*Asks:* 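Below: one structure in structure tokens.
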Number of protein chains: 2
Amino acid sequence: MDPHLLRTYVTVARLASFSAAARELGYTQSAVSQHIAALEQDLGTPLLTRRPVAPTAAGERLSEHAGPLLLRLDAARADIARTAAAPEQGLTLATTPTALGPGVLASLPAAGATLRVLPRDAVPAAVVTGGADLGLVDGLAAPSDPLRLPDVAPLTTRGVAEEPVRVLLPATHPLAGRLALRLGDLADARWLDAPDAGLPLDRLRALNGGRGFRPSVRCEGTDLRSLTALAAAGHGLALLPASAAVSVPGAVAVPVSEPRVVHRVELVHAGVPAGAAAVLAAALTAVA
Amino acid sequence: MDPHLLRTYVTVARLASFSAAARELGYTQSAVSQHIAALEQDLGTPLLTRRPVAPTAAGERLSEHAGPLLLRLDAARADIARTAAAPEQGLTLATTPTALGPGVLASLPAAGATLRVLPRDAVPAAVVTGGADLGLVDGLAAPSDPLRLPDVAPLTTRGVAEEPVRVLLPATHPLAGRLALRLGDLADARWLDAPDAGLPLDRLRALNGGRGFRPSVRCEGTDLRSLTALAAAGHGLALLPASAAVSVPGAVAVPVSEPRVVHRVELVHAGVPAGAAAVLAAALTAVA
DNA sequence: ACGCTCGATAAGCAACACTGATGGGGTGGG
DNA sequence: CCCACCCCATCAGTGTTGCTTATCGAGCGT
């Protein structure tokens with residue numbers, strides 16, 4: 001289970017082609033073929049069907065493991081590089097789009113920081129691999145409960161902000177006039193599925209006992225404006241933090257009364273922040 | 001970052017000796033020396049001080065990463081072996097000592113299953129590496145909230161049981177006569193530290209805002225009887241699930257009223273349980 | 001001062017990991 | 001229908017790697 005073999009396996013699986021993977025990795029096709037053969041011999045089972053190239057059941061399992069494994073490997077390497085030498089360059093902050101509430105925005109420095117808006121899972125990854133000094137992740141949680149994060153590497157988190165959530169409904173929706181809504185009443189509606197933009201549909205489904213919250217349009221990317229436009233056009237409902245759920249023409253944002261969940265933002269960093277990162281971290285947590 | 005190099009690094013760090021690690025791994029001392037040198041060159045920084053052999057700061061970081069990394073590697077290998085061929089042998093159930101409540105015990109089959117009582121962290125590890133078909137882990141949680149588990153590999157969990165917790169106090173303790181106690185009132189007392197037996201002192205401290213709950217005697221191993229004996233002898237307090245906190249002579253178990261936490265037991269398994277494992281899983285979850 | 005142990009280093013050798021070339025199987029165009 | 005093409009598997013060749021044995025210098029206890 002050499003990491004190199006793992007890396008070629010994932011690219012082959014992704015591109016569904018030995019030759020294309022070889023080109024991308026800078027190997028010959030022969031080498032890639034031998035890599036896969038070595039992996040299959042090591043694990044004692046075929047991982048890919050040839051012609052067409054597709055993962056077998058065992059290969060599916062490996063695909064699921066290989067990503068986090070390689071990520072953790074990079075995280076370890078980055079962590080060590082970080083402790084070995086802290087060059088302290090320009091500060092970068094990775095964040096999900098919905099984590100940028102008013103409190104956070106207020107405490108950003110006027111200049112000198114770069115912001116990377118990423119999908120939800122990519123934020124911890126960026127922080128552990130050194131792609132960002134600090135990260136902001138958000139999610140739904142019971143009040144004052146911590147978020148559940150993938151522990152790709154040792155991370156420390158601190159709560160930064162909590163705010164109520166609202167449902168974004170088209171103005172024509174029968175419940176659009178309500179002052180507050182229970183999520184359970186909307187379980188049978190169609191919901192927008194936008195995992196990159198921080199809309200955790202599976203999380204809602206879990207809160208509801210695994211039922212309901214069927215997805216309508218799936219929306220990839222991290223742009224919130226498109227999402228609200230979709231909701232206004234009646235393509236599905238969306239659950240957003242109060243500050244992000246602005247009422248645009250054609251849509252209204254109604255507070256959620258039940259269950260008692262809040263939109264929570266957490267600051268995540270690897271190790272102990274130093275220099276400019278420490279200043280920003282202090283400013284961000286002072287809001288809370 | 002070859003896994004082999006990682007493995008030799010962790011054994012060298014653990015044994016604090018190149019030669020001893022070489023003996024344990026079946027290499028020559030020279031090979032181990034070259035392994036470490038290769039790692040250090042790859043990462044561009046010294047990892048160990050020689051004479052005496054001890055990890056540097058970078059080495060400490062690596063130690064923290066290497067364990068989960070190797071565990072996940074084993075988990076991937078075991079997972080693939082599992083999907084490739086399901087031999088379905090004798091069923092083994094890994095469990096923490098305090099997870100074995102009355103409900104769980106009642107639904108165990110009369111024979112044919114083996115039980116492995118392990119420290120808390122070892123249970124998920126055993127399940128993902130195939131050392132056990134099912135696992136039972138326990139911990140403190142808000143009612144009906146899931147536990148926080150290390151995600152060494154994709155695991156599925158299901159709640160099995162919840163029960164109130166009690167504090168085990170020596171009979172001579174000033175609060176021993178109370179009908180119920182608030183944990184906050186006991187933050188300044190000395191507590192038994194028994195991580196293997198499922199007494200999460202750090203978790204209590206976190207609930208209390210990071211303060212208090214100083215450890216007294218540290219008790220390694222998974223034996224609950226020793227723990228209650230220690231508590232009865234006045235060496236420190238212990239927080240246990242109601243069914244485990246039997247009142248022995250010299251000690252009383254008092255319910256906890258605040259904060260509202262329960263002792264929760266979860267069934268954990270990798271993939272979809274089949275055969276005898278599925279039967280046991282169904283029996284266990286039927287209790288909940 | 002001596003002997004012992006520990007880790008680093010040098011040299012040798014076998015196994016490995018690539019490359020380039022070749023072959024067989026499937027597919028689409030002429 | 002057959003040929004040309006693309007794909008992956010396999011083979012032989014070669015430079016590199018990874019391990020071993022052997023030797024050395026340094027610290028430590030006697």
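Below, chain A is the first sequence line, B the second, and so on; all start at residue 1. Note that this is a predicted model, so its numbers are computed, not measured.
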*Asks:* Are any of the side-chain nitrogens in Asp74(A) or Arg77(A) under 4.0 Å away from the carboxylate oxygens of its partner?
*Replies:* no

*Asks:* Could you state the atom-to-atom distance from CZ of Phe18(B) to C1' of dT9(C) in whole Å?
*Replies:* 13 Å

*Asks:* What is the distance, rounded to the nearest whole Å, between atom CG of Asp2(A) and atom C1' of dC18(C)?
*Replies:* 13 Å

*Asks:* Could you check how far CG of Leu25(A) sits from C1' of dC18(C), rounded to whole Å?
*Replies:* 14 Å

*Asks:* Looking only at the side chains, is there a donor atom on one of Gln34(A) and Ser30(A) sitting less than 3.5 Å from an acceptor on the other?
*Replies:* yes

*Asks:* Between Arg23(B) and Gln34(B), which has a closest nucleotide on DNA chain C that is more 5'?
*Replies:* Arg23(B)

*Asks:* Classify the nucleic acid contact of Ser19(B) as base, sugar-phosphate or nothing, counting any heavy atom under 4.0 Å across all strands shown.
*Replies:* sugar-phosphate

*Asks:* Just the rounded figure in Å: distance from C1' of dT9(C) to CZ of Arg50(B).
*Replies:* 13 Å

*Asks:* Taking only the side-chain heavy atoms of Ser30(A) (C-beta and beyond), determine which of dC11(D), dT9(C), dG7(C) contains the nearest atom.
*Replies:* dC11(D)

*Asks:* Is the backbone of Ala22(A) close enough, under 3.5 Å, to the side chain of Gln29(A) for a donor and an acceptor to pair up by distance?
*Replies:* no

*Asks:* Nearest-Å distance, NE2 (His35(B)) to C1' (dT9(C))?
*Replies:* 16 Å

*Asks:* Can you check whether any acceptor in the base of dT9(C) is under 3.5 Å from a donor in the side chain of Ser33(B), or vice versa?
*Replies:* no

*Asks:* Base of dT21(D), side chain of Thr28(B) - is there a donor-acceptor contact under 3.5 Å?
*Replies:* no

*Asks:* Without swapping roles, check the side chain of Thr96(B) against the backbone of Val137(B) for a donor-acceptor pair under 3.5 Å.
*Replies:* no

*Asks:* Tell me the interatomic distance from Gln29(A), atom CD, to dA17(C), atom P, rounded to whole angstroms.
*Replies:* 17 Å

*Asks:* Any base atoms under 4.0 Å from Val32(B), or only sugar-phosphate, or nothing? Heavy atoms, all strands.
*Replies:* nothing

*Asks:* Thr157(B) side chain to Glu266(B) main-chain N or O, any donor-acceptor pair under 3.5 Å?
*Replies:* no

*Asks:* Taking OH from Tyr27(A) and P from dC8(D), how many angstroms apart are they, rounded to a whole number?
*Replies:* 17 Å

*Asks:* Tell me: CG of Leu5(A) to C1' of dC18(C), nearest whole Å?
*Replies:* 13 Å

